[in-house]
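Residue numbers start from 1 in every chain, and the chains themselves are labelled A, B, ... in the order their sequence lines are given, proteins ahead of strands.
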Amino acid sequence: MPKAVSEHKKNSKGEKEPVKGKVEMKKGLLLDASYFDDEEKGKSIIKLFIKIGKKGGKKNAPRRWFFDSEFRPHFFVLSGKANAEKTIKELEGLELGDEEKFRIFRAEKTSLRAWGRNETNAVKVSFDKVSHLVQARKLLKDLGFEIFEYDVPFGKRYLLDKRLNPCGFVDIEFEPASNEIKKITPSNEIVEPMRDIEAIAFDLETYCGKKFAIGAEPIIMASMADMREELGRVISYKTKKVKGLELVESEEKVINEIEKGLNEADLIVTYNGDNFDFHYVKERAKKLGAEFKINGVEPRIIRKGLDNAAKLSGVQHIDSYQIMRFLQRTGAIHIVKLDIENVSEKVFGEKKEKVYPLELNEAWENGKGLERMVDYNLKDSIVAMKIAKEYLPLFMEISKLTSQTLFDTTRSATSSMVEDLLMKEAHHKGFVAPNKPNEFEVRERIENPIKGAFVKEPLVGLHENIAVLDFASLYPSIIVSHNISPETLNCEHEECKKNVSPDGTWFCKKEKGLFPEVLGGLVTERIKLKREYGRKKAGGEEAKVLFSSQWALKIVLNSAYGYLAYPRARWYSRECASAITAWARNYIHETIRKAGEADFEVLYTDTDSTFLLMKRKTKRDVEEFVEKINKELPGNMELEVDGYYRRGIFVTRRKKEGGVAKKRYALMDEKGNLKIVGFEYVRRDWCNIAKETQRTVIDMVLHEGDSSKAADYVRKVIKDLKSGKVPKKELAIITMLKRKVDSYDAKEPHVSAAKKAIAQGTEIEVGTILSYVITKNGKSISDRAELEEFVEEGNYDADYYIQNQVLPAVIKIMEELGYSKEDLIHGGKQTGLNTWG
DNA sequence: TAATTCGCTAGACCGA
DNA sequence: TCGGTCTAGCGAA
């Protein structure tokens with residue numbers, strides 16, 4: 001590999017000799033961190049991929065690998081009761097390894113403390129090679145040493161320890177001859193993607209033949225789009241010459257062109273490139289005896305949990321589909337199916353036509369409709385690029401917080417974001433991180449769930465003038481205000497016992513814990529950012545960065561409680577998580593009590609929000625009440641007015657023992673906007689016609705208080721259904737297939753529909769979003785379920801849709817207005833009932 | 001395997 | 001034909 005490194009001279013201890021040549025200083029954009037094994041020296045060496053240039057440089061700014069051969073892979077050993085020096089002696093005396101013998105490179109005393117122990121001076125044990133570390137961790141464990149942080153990948157270790165921010169600027173001092181890093185520090189300058197980063201998106205179209213395997217059929221078209229979205233290219237071969245299409249000789253040449261284009265980029269963007277495009281082009285290149293290398297190396301398809309990920313060397317692969325999945329998980333977007341057409345429409349408001357594989361085949365073979373295909377192929381790249389551009393600032397901020405590469409942050413779970421941040425800050429606080437739990441511990445944790453939030457049963461019916469109050473970031477603010485952290489739990493100081501949770505655990509008041517320290521910093525920073533954002537004009541580049549920064553903080557803050565209660569977390573703490581929810585329940589109960597004292601009627605509460613009936617009270621009264629509560633709250637806890645609503649409805653439960661349904665209600669604000677919560681309308685597993693009917697009924701009832709109009713509307717929908725003319729699109733029920741079809745115990749409609757489709761040759765795997773219709777053909781509901789695509793228009797069971805979809809969706813609302821099911825089906829009279837008198 | 005618990009509801013199945 | 005129990009999915013916070 002990099003021959004530059006071998007120019008170093010070593011002294012007898014294998015350490016590098018003082019630099020004689022001059023040291024250069026440069027600013028650059030850090031893209032990737034990794035390592036390689038230098039066999040000659042028997043060392044694992046850190047390498048960083050950096051784009052040189054003060055402001056990231058122009059298009060062809062030089063990008064280079066830099067090396068840090070001083071930084072050693074390491075973990076920590078607890079010295080136990082014996083002192084650190086003795087442990088060090090023992091460790092240094094060890095001869096390790098099976099075939100190839102090796103010794104520890106260095107063992108040194110630190111001032112770090114192991115988690116949950118009083119013993120300080122954990123010993124840092126370094127190795128020449130990562131492979132030595134891997135062997136040693138087992139051997140040392142067997143010898144009875146307690147070891148920590150032994151499973152942190154080397155590149156990640158480097159970023160965390162040096163507190164670098166990938167996809168951010170760094171200042172480097174290095175030897176120009178060897179690119180050896182003498183010093184590297186993060187730089188605060190803001191990265192502006194359009195100016196500082198070169199990104200290119202690409203997308204492949206492949207021939208749809210008999211074989212389905214990756215790489216089995218040829219690539220027939222490929223597109224690329226840059227960040228400005230204007231320089232789009234579409235390349236094909238052996239087909240008609242049309243506008244916007246570049247023709248080359250062969251498939252191999254198409255691959256060459258993509259390779260050439262992509263090698264200009266710092267970031268390569270795809271839509272589902274993790275599972276498809278990179279793997280495909282790699283396989284095709286292999287078949288054709290061609291090369292496909294990015295930055296000199298073939299893409300690697302690695303496993304990330306249950307998913308694949310296409311990893312490049314140095315250059316960062318951003319899969320926009322992974323970005324969308326992350327946004328979906330964190331609740332930032334709500335899109336039924338994350339295909340590129342849906343995303344284009346829902347995120348950017350741009351309709352994108354779907355083209356089917358067979359159309360593509362035909363267009364390519366005989367030129368029919370080829371222009372459409374060219375446009376379709378290019379749009380795929382453009383949309384992928386748009387997503388990346390839109391959300392890159394968010395992930396760059398997350399990278400800054402967690403010191404992880406963009407490749408990792410765009411594919412991370414929120415738990416790993418929290419954990420990476422804690423790993424980074426733990427050493428600062430003088431702690432070695434705790435280890436991940438073993439499977440036994442994980443199971444034990446799962447079997448002991450933590451009691452969660454309190455939800456009050458609401459007052460049923462229609463209500464007017466509602467004030468909604470909210471605790472701002474309830475769980476994080478409890479953590480900070482009560483200093484909740486695994487290491488502050490049940491401390492020895494007598495006076496700290498006053499900081500006792502309703503759960504009986506108490507938390508130290510003398511020393512700030514890791515969680516409150518880190519989260520407190522984030523809360524303060526977020527308030528500052530939000531204030532600054534408010535002052536900036538919307539739409540500008542700066543505003544976008546500010547918004548993304550506070551958003552990144554919000555994501556991490558909101559995940560902190562979940563992390564403490566997450567069975568696989570290093571810093572899992574049942575006591576902490578339990579204390580947080582106990583305090584939260586207490587605060588909401590206190591709010592209810594005090595609201596009663598202040599003569600408000602409490603309509604409903606859930607976790608952190610309180611609904612008050614204002615009756616004759618004014619907004620001023622509500623605000624005074626909030627102020628009073630805030631005076632009594634500790635630390636940075638704060639109750640806020642979320643909003644005022646003119647009308648609202650709560651309904652009884654449909655099943656079981658009755659009672660009023662929690663987590664379902666509809667509100668109308670002062671401007672007449674509806675807020676529908678928990679009802680079928682917001683659920684994807686109900687058909688459109690039921691959802692739309694429900695929304696219309698809620699709208700009519702809350703706006704006009706006119707129940708007879710609503711009843712008429714329902715009757716009309718029933719009539720339409722009976723006529724058999726409702727399009728199947730309105731009848732489709734959408735559900736995700738969460739496991740393999742054979743592994744279900746219960747026979748359910750979506751599983752049954754999936755099985756039938758599979759029998760007809762459709763490819764359906766775990767995670768597929770199924771859209772099915774209940775047809776006329778069969779006995780049970782499951783028997784009658786068929787995937788939408790196989791159902792002919794008009795073939796639907798009207799009775800099912802009336803009885804099991806539309807009526808259930810509206811009946812509980814209509815009942816509040818005095819209607820029965822029969823009234824709606826048979827047109828019972830009930831006229832002119834005006835709810836609002 | 002990939003943050004948590006609380007809560008609602010459907011549909012299959014079983015026994016009376 | 002009913003009510004209870006079970007599995008399953010999804011939303012609220």
Side-chain angles (χ1 to χ4, degrees), chain A residues 303-307 325-326 328-331 334 336 408 411-419 436-437 439 442-443 445-446 449-458 470-471 473-475 555-569 571-572 574 576-578 580-581 584-585 588 604-610 642 651-657 659-665 675-686 690 733-739 743-752 769-770 774 779-785 800 803-805 808-809 812:
Chain A
R303 296 294 287 178
K304 266 215 156 204
L306 285 175
D307 293 324
R325 287 220 316 193
F326 179 83
Q328 186 93 304
R329 280 205 304 276
T330 54
H334 195 82
V336 181
D408 283 326
R411 291 168 181 78
S412 268
T414 49
S415 65
S416 25
M417 292 176 181
V418 174
E419 192 153 285
K436 285 184 183 161
E439 283 309 305
V442 170
R443 200 159 328 128
R445 292 172 181 186
I446 292 171
I450 292 149
K451 193 172 170 193
F454 168 70
V455 189
K456 184 186 175 298
E457 179 170 291
D470 240 333
F471 280 99
S473 305
L474 180 63
Y475 288 2
I555 288 169
V556 174
L557 282 167
N558 285 346
S559 312
Y561 161 75
Y563 176 81
L564 278 166
Y566 169 47
R568 288 175 194 278
W571 274 278
Y572 172 90
R574 196 174 197 287
C576 289
S578 180
I580 294 164
T581 54
R585 291 192 299 273
I588 206 82
Y604 175 58
T605 76
D606 184 350
T607 313
D608 59 353
S609 59
T610 305
D642 168 78
V651 298
T652 54
R653 293 202 297 176
R654 205 143 56 223
K655 272 206 145 180
K656 292 263 173 80
E657 307 80 29
V660 189
K662 300 169 174 180
K663 296 184 187 285
R664 342 185 105 201
Y665 56 86
K675 186 177 175 187
I676 300 177
V677 179
F679 275 117
E680 285 74 11
Y681 173 68
V682 299
R683 298 179 63 97
R684 71 172 174 198
D685 53 354
W686 281 74
I733 297 162
I734 290 164
T735 322
M736 187 193 282
L737 190 74
K738 292 224 166 180
R739 22 166 148 166
S743 69
Y744 280 86
D745 289 330
K747 188 186 163 196
E748 284 187 293
H750 72 289
V751 183
S752 150
I769 304 287
L770 303 168
I774 304 301
K779 273 170 71 191
S780 72
I781 293 170
S782 290
D783 290 339
R784 276 174 287 157
Y800 170 84
Q803 295 295 338
N804 297 32
Q805 290 279 325
K812 286 293 164 186

inquiry  = If the cut-off is 4.0 Å, is A/Arg684 near the phosphate of C/dC10, judged by side-chain N/O to OP1 or OP2?
reply    = yes
ask   = At under 4.0 Å, does any side-chain N or O of A/His750 touch on OP1 or OP2 of C/dG9?
value = yes
inquiry  = Regarding A/Arg664, tell me which of base, sugar-phosphate or nothing describes its non-hydrogen contacts under 4.0 Å with the strands shown.
reply    = sugar-phosphate
inquiry  = So, OP1 or OP2 of B/dC8: does either fall under 4.0 Å of a side-chain N or O from A/Arg653?
reply    = yes
Contacts of A/Tyr475 that satisfy ring pair (Phe, Tyr, Trp, His ring centres under 6.0 Å) - sequence neighbours left out = A/Tyr561
ask   = Is A/Arg568 near enough to B/dA3 that one of its side-chain N or O atoms lies under 4.0 angstrom from OP1 or OP2?
value = no
ask   = What interatomic distance, in whole Å, is found between P of B/dT1 and the corresponding atom of C/dA8?
value = 16 Å
task = For A/Arg329, enumerate each residue passing the salt bridge (Lys or Arg N to Asp or Glu O under 4.0 Å) test, keeping only those at least two apart in sequence or located in another chain.
result = none
Check nucleotides 4-6 of chain B for protein N or O atoms closer than 3.5 Å to its own N or O atoms and list the pairs.
unit_1 : atom_1 : unit_2   : atom_2 : d
B/dT5  : O3'    : A/Gly452 : N      : 2.9
B/dC6  : OP1    : A/Gly452 : N      : 3.1

query = Taking only residues two or more places apart in sequence, or in another chain, which ones meet A/Ser780 in a side-chain contact (heavy atoms from CB on, under 4.5 Å)?
reply = A/Lys747, A/Ser782, A/Asp783
ask   = For B/dA3, does OP1 or OP2 lie under 4.0 Å from any side-chain N or O of A/Ser415?
value = yes
remark   = Closest to the side chain of A/Arg739, out of C/dT7, B/dA10, C/dA13, is C/dT7
query = Partners of A/Arg683 by side chain to side chain donor-acceptor pair (under 3.5 Å), sequence neighbours excluded?
reply = A/Asp685
Polar atoms only, N or O, under 3.5 Å: list the protein pairs with nucleotides 11-15 of chain B and their distances.
unit_1 : atom_1 : unit_2   : atom_2 : d
B/dG11 : OP1    : A/Tyr800 : OH     : 2.7
B/dG11 : OP2    : A/Asn804 : ND2    : 3.1
B/dA12 : OP1    : A/Ser782 : N      : 2.9
B/dA12 : OP1    : A/Ser782 : OG     : 2.7

